[in-house]
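Written below as structure tokens is the structure these notes are about.
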Amino acid sequence: MTSQRVLPQSKETLLQNYNKRLKDDIRSILDNFTEIIKTAKVEDETQVFRATQAEQDHYEMHVRAANIVRAGESLMKLVSDLKQFLILNDFPSVNEAISLRNQQLRTLQEECDKKLISLRDEIAIDLYELEEEYYSSSCGQWDGVELPLCEAFHRRDSWGSPETTSDLSHANPEDSDHLGTQESMHGSSTSEQS
């Protein structure tokens, strides 16, 4: 069981005030409702005319109904004040909620870190295999120099484009001969594979 916390004098007084307001409002609602029920009861003949008595009862019911509404609004304001008091002064609950959220976020962070590490490892393995395949094939060779993977694929894609062919016609004959050799090597390697 949790031990009862000792509140400062001002908070204790405030809570006693809330308790008094609660009891007063509930008593007001109960008393006014009881009087409305009593007023609704038909009485025997009195010295006052029946129409006058009815008008007086009608007015009294309106006043008592307004008192019930006022007490209800006071109770709603009391609930709002209690919520505000709880939010502002219940530090252990706030700290517990913050700690719980902190723990949830740390767990989520650890899961994300594990997934990212796993993804990194998978990408590294795939990249290593791609580089091995690239450097062992003839596409990785360009004029006797190994090119980076992205540049080799860029040049390979540009071999068949119209801009490159027009550029090749204006290029040095040695370069075009070398390109033709590369294309024939590439073509022969694909025919051998098929």
Side-chain angles (χ1 to χ4, degrees), residues 1-12 14-15 18-19 22 72-194:
M1 272 192 150
T2 59
S3 59
Q4 187 76 14
R5 289 195 310 252
V6 178
L7 295 173
Q9 188 64 33
S10 59
K11 291 182 183 177
E12 190 67 40
L14 190 59
L15 288 176
Y18 287 159
N19 200 12
L22 175 67
E73 288 175 349
S74 177
L75 283 173
M76 290 176 66
K77 176 76 168 74
L78 178 64
V79 169
S80 175
D81 290 346
L82 283 171
K83 285 181 181 177
Q84 185 176 1
F85 176 81
L86 188 66
I87 289 170
L88 295 177
N89 297 302
D90 192 15
F91 295 117
S93 318
V94 172
N95 289 340
E96 184 179 342
I98 290 173
S99 299
L100 182 64
R101 184 65 179 152
N102 232 357
Q103 186 178 1
Q104 290 173 347
L105 291 175
R106 285 187 193 280
T107 306
L108 183 63
Q109 179 188 2
E110 288 173 3
E111 290 175 7
C112 289
D113 287 346
K114 287 178 184 174
K115 287 180 183 177
L116 284 172
I117 289 170
S118 170
L119 189 61
R120 181 200 65 190
D121 293 343
E122 289 176 17
I123 289 174
I125 291 170
D126 291 342
L127 185 60
Y128 179 76
E129 291 175 359
L130 283 172
E131 285 179 349
E132 284 292 315
E133 180 66 28
Y134 165 72
Y135 287 121
S136 65
S137 70
S138 62
C139 295
Q141 305 295 324
W142 188 273
D143 210 10
V145 178
E146 289 189 358
L147 294 175
L149 188 61
C150 58
E151 190 175 333
F153 277 110
H154 174 69
R155 288 192 183 181
R156 190 176 119 192
D157 289 343
S158 64
W159 285 348
S161 66
E163 297 170 0
T164 309
T165 52
S166 64
D167 288 345
L168 289 176
S169 63
H170 298 300
N172 290 338
E174 295 173 2
D175 291 344
S176 60
D177 289 344
H178 184 68
L179 276 178
T181 309
Q182 288 288 331
E183 286 176 353
S184 63
M185 283 176 53
H186 181 64
S188 63
S189 64
T190 53
S191 63
E192 287 173 5
Q193 289 174 359
S194 60

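Keep in mind that the numbers below use all heavy atoms, side chains included, and drop hydrogens, waters and symmetry copies.
With values rounded to the nearest 0.5 angstrom, Glu132 atom CD is found 10.5 Å from Leu127 atom CG. To the nearest 0.5 angstrom, Leu100 atom CG is 12.5 Å from Asn95 atom CG. Rounding to the nearest 0.5 Å places CG of Leu86 at 8.5 Å from CG of Leu82.
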Residues 104-117, side-chain donor-acceptor partners within the protein, below 3.5 Å, at least two apart:
| unit_1 | atom_1 | unit_2 | atom_2 | d |
| --- | --- | --- | --- | --- |
| Gln104 | OE1 | Arg101 | NH1 | 3.3 |
| Thr107 | OG1 | Gln103 | O | 2.9 |

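Counting only residues at least two apart or on different chains, the salt bridge (charged side-chain N to carboxylate O under 4.0 Å, His left out) pairs with a member in residues 72-85 are Arg21-Asp81, Lys77-Asp81.
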